[in-house]
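For reference, the structure is listed below as C-alpha cells.
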Protein chains: 2
Amino acid sequence: MVTMSDVAKAAGVSRATASYALRGDERIAPATAERVRQAALDLHYTTNLSARSLRSGRSGVIGVAIFELDHPYPSEMSAAVSRQAARHGLEAIVQETSNSKDNEIAILQKVTSQLCDGTIFSPGNVSDEEIRALSGGKPVVLLDDISPDPVFDSVATPCEQGAEAAIEHLVNIGCRKILVIGAHYDALADDREVTKVSGRRLIGCFNAFEKLGITPDPSQFIHTNWRTEDARRTAHAIVDSGIEFDGVFCMTDTISLGFVRGLADRGVRIPEDAAVIGFDGINECDYYIPTLSTIATDLNDLACKAVGLLLERFDNDAAGLTRPPRTLTADFTLVQRESTTRR
Amino acid sequence: MVTMSDVAKAAGVSRATASYALRGDERIAPATAERVRQAALDLHYTTNLSARSLRSGRSGVIGVAIFELDHPYPSEMSAAVSRQAARHGLEAIVQETSNSKDNEIAILQKVTSQLCDGTIFSPGNVSDEEIRALSGGKPVVLLDDISPDPVFDSVATPCEQGAEAAIEHLVNIGCRKILVIGAHYDALADDREVTKVSGRRLIGCFNAFEKLGITPDPSQFIHTNWRTEDARRTAHAIVDSGIEFDGVFCMTDTISLGFVRGLADRGVRIPEDAAVIGFDGINECDYYIPTLSTIATDLNDLACKAVGLLLERFDNDAAGLTRPPRTLTADFTLVQRESTTRR
DNA sequence: GTGAAAGCGCTAACAC
DNA sequence: GTGTTAGCGCTTTCAC
C-alpha cells in the first residue's frame, strides 16, 4: 500500500507538505503542489479514509439508513440522496436496517457513528434517546419523524397535504363513495398514530372531507398491512363483501399496486368502475396497466432538504454554533394518470 | 466521545485487556471480561471503526457497488447481499455508481478500498487493471463479468441457461413466431458482446432454437434500450409495423414491463394474442396485470455465492494462500405466471 | 512556504 | 492472565 510518506519522498518534501498540497492548501507554492500531485498520480496514491477520519474527525461520507432496500420507495429515496450528496462532494453509503431494532442499533453504532460525518435515518424501532446516544454527537436528520417536540432535524413527507389533495382529486373527478385503504377510521385514537405517516395521511383525508362538506363513514376506512400481497387480498375481501365504492385512495403506491391487481382479479374495471390514486410516486406507477395516479413525493426536494440540513449542521458545528432542530416538508405533485382519468 | 481508555479505567484494567475482553479473547479471565463489558455498557462505549480498521486492517464491513439504486433488480440484489452479509456478522454498505466511470473510481478509491474488507462490484466502465489498482489489494467479487481469462472472482447470472429455458417455454406453450427483445441478431459479431449479459442471453436463445430445430430469422431479434419507456415505444413500433408474433422473450423484466404496457396500448392481449416472458425475477412482475412470467435469478443464491467467495478470500489471505479466480453461476427458476399461461 | 513532532483510538507483539 | 509498548496513516499545531 502506498502511503503519504511514499508520495512525500517521491516529491522530495515532508509528509506535512504533501498533506497540505494534496488538499489544495493555499500555503504551498504552486510548483511544489504540482510536484506532489504528480507524484501521487504516478504512485496511484489514494488517501486512507480510516486514517483521515481518525485524525481529523471528518470523512466526507454520510450514511443513509433505511428499512428495506428492495422496496421501490426507500430505494428511490436512497438513490436521490446519493445523487444529492455527490453534488456536494460527499459520498453516501446506504445501509439496510431491515426494520429490526438490533440492526438499527448495530448500524448506528458501527459504520454510521464512527465513520460518517452525519446520518440520514429513517427510524423504525429506536427511540430519540437511543439515537442520540448512538450517533456519537454527529448530526442526524430523521425522515418522517414528526414529533411534537423534535430532538433532531427532520424532513417529512407531505402527508396531510398530499392525502388532502388525493381525496379532493377523487371528488373532483366525480367519485362519491370513496374508500381509504391503509388505516382504520379510529386509528387516531392512539396518540402515537398522530405523528406517524399513516396517521398523518388519515388526518389529510379528514381535512379534505371536512373542507368538502362530506361526513365520512368509518366503514370507508380500511386497514391493511402496507404490503402489495396483503392489499391484493384486501381488495378481494372488499369486492366479495359487496361494499360499494367508486373511488379509492391507497395510502401508498405499494398498496395501490396490490389493490388494483386485486380489483382486476374480481373484474372491477379501473377507472370505469372505480378510480384509484396512491401516494409516493414510485416509478412503476407509470408502467402499470392502467397507469396509476399518485401523490408523488418530490424525492429530489426531499434529498435536497435532508442533505441541506446536514450541511447546515456541519457548518454550524465548525463555527461552534447550535440551533434548534428544524423540520422541513418535502414538496409533492399530484400526478394524474389513467387510473383516475374518466372520459 | 468515550474511548477504550475510559472503559479500561472504569473497569480497572489496561487498554489492552479491555480490547481483548471486548473482542472475547480466550485469555481474559471471565470475571475480568464481564467487568469490562459492563463498564462498556454503562459508558455507552462504541468501538471506533476508523481506529480499528486503521490498526488491524479489518473492519467487518463489505462494500456493494452497483449501477442504480432506484431500479428494481439492483436494489433487490443489494438487499439480498446485505442480508447475506449480516448472516456472517458483516455489515454491508451500498453505494451507487450511477453507471459513471468517475463515480466508480471515486467509490473504489474512497470508501471501498480504504474501509471495506472486500467489495462486491458490478462493473460498468472500469477495466480489470483499474479495479486491481484501486482495490488496494482487497478481495473483489465481480458481478456478471464473464471474461475468458478472469482476474477476479465473480458470480454470473444464469444468462445462457435462463434464456434457453425462456425460449423453450414459449415454444412449449405453442408459440411459433417468437420475438426476442433486447439485442440485435448479429450483436455477437462484436467480440465484446459475447461476454456481456445481453450477448450471453442471446447465445441462450440461439442454443434453444438450435436444440428445437428452429432456424431463427434475424428480424425476430429486436434491439432496444433496456429501459421501460424505450421498451414501451419499441412495442408500439413493432405492432405498428405489422410484424406478426405470438411469443416474446424480453431480456429483462424491466423491458418486459414496458413492452407489455406498449402492447396493451395497441390492444394486443396477453397472453391470448402473444405470450411474454422476461428475465430477472423482480418483485413487481407478480403484481402486474397480467402477472408476468420470468426467468427469476435466485438472488439469495447469488448473494450467498458472492459473499462466500469473499469469505473464502478472507480466510485464504489470512492463511497466506492464494487460489485462481473462480466464476460461479447463480441458480434460476422459471416462474410461469399469467403472461404465458394459455387456457 | 515548509518541516518536525505529536497524537487521533485502537490492536498485537511481547514481556512479565 | 494482564500490562507495556509501538505503531497503523493521516492531520495539525508550532517552529523556523
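Throughout, protein chains are lettered first and strands after them, A, B, ... in sequence-line order, and every chain is numbered starting at 1.
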*Nucleotide C/dC8, atom C1' - distance to CG of B/Leu49 in whole Å*: 15 Å

*Name the nucleic acid region contacted by A/Ser53, choosing base, sugar-phosphate or nothing; use a 4.0 angstrom heavy-atom cut-off, strictly under.*
nothing

*Between A/Arg58 and A/Phe314, is NZ or CZ placed under 6.0 angstrom from the six-membered ring centre and within 45° of the ring axis?*
yes

*How close or far is atom C1' of D/dC8 from atom CG of B/Leu115, stated in whole angstroms?*
14 Å

*Quickly work out the B/Asp25 CG to D/dG1 P distance and round it to whole Å.*
11 Å

*asked:* Test of understanding: with side-chain contact (heavy atoms from CB on, under 4.5 Å), list the residues that count as partners of A/Ala156, not counting sequence neighbours.
replied: A/Asp144, A/Ile146, A/Arg200, A/Thr329

*Counting side-chain heavy atoms from CB outward, which of D/dG9, D/dT2, D/dT11 is closest to B/Ile28?*
D/dT2

*Whole-Å distance between C/dG3 C1' and A/Lys9 NZ?*
16 Å

Produce the list of close N/O pairs, under 3.5 Å, pairing protein atoms with atoms of nucleotides 12-16 of chain D; give distances to one decimal.
{"unit_1": "D/dT12", "atom_1": "OP2", "unit_2": "A/Arg23", "atom_2": "NH1", "d": "3.2"}

_Categorize B/Thr47 for me: base, sugar-phosphate, or nothing, with a 4.0 angstrom heavy-atom threshold over every strand shown._
sugar-phosphate

_If we count only N and O atoms by modelled type, under 3.5 Å, do the side chains of B/Asn300 and B/Gln84 hold a donor and an acceptor together?_
no

*In whole angstroms, how far is the P atom of D/dG1 from the CD atom of B/Glu34?*
17 Å

*In whole Å, what is the span from the CE atom of A/Met4 to the P atom of C/dG7?*
18 Å

*Run the numbers on A/Asp117 and A/Lys138 for salt bridge (charged side-chain N to carboxylate O under 4.0 Å, His left out), then give the verdict.*
CA-CA 6 Å; A/Asp117 294 342; A/Lys138 305 268 190 68; 5.3 Å; no

*Could you grab the distance from atom CG of A/Leu54 to atom CD of A/Gln114, nearest 0.5 Å is fine?*
10.0 Å

_In this structure, how many angstroms lie between the P atom of C/dT11 and the CG atom of B/Asn48, rounded?_
9 Å

*Side-chain N or O of A/Ser14 less than 4.0 angstrom from OP1 or OP2 on C/dG3?*
yes

*Nearest whole angstrom, please: distance from the C1' of D/dT11 to the CG of A/Leu54.*
10 Å

*Can you find a side-chain donor-acceptor pair between A/Ser50 and B/Ser50 that sits under 3.5 Å?*
no

*Is the CZ atom of B/Arg323 crowded by more than 12 outside heavy atoms at less than 6.0 Å?*
yes

*From the list D/dT11, D/dG1, D/dT4, which nucleotide is the closest neighbour of the side chain of A/Arg52?*
D/dT11

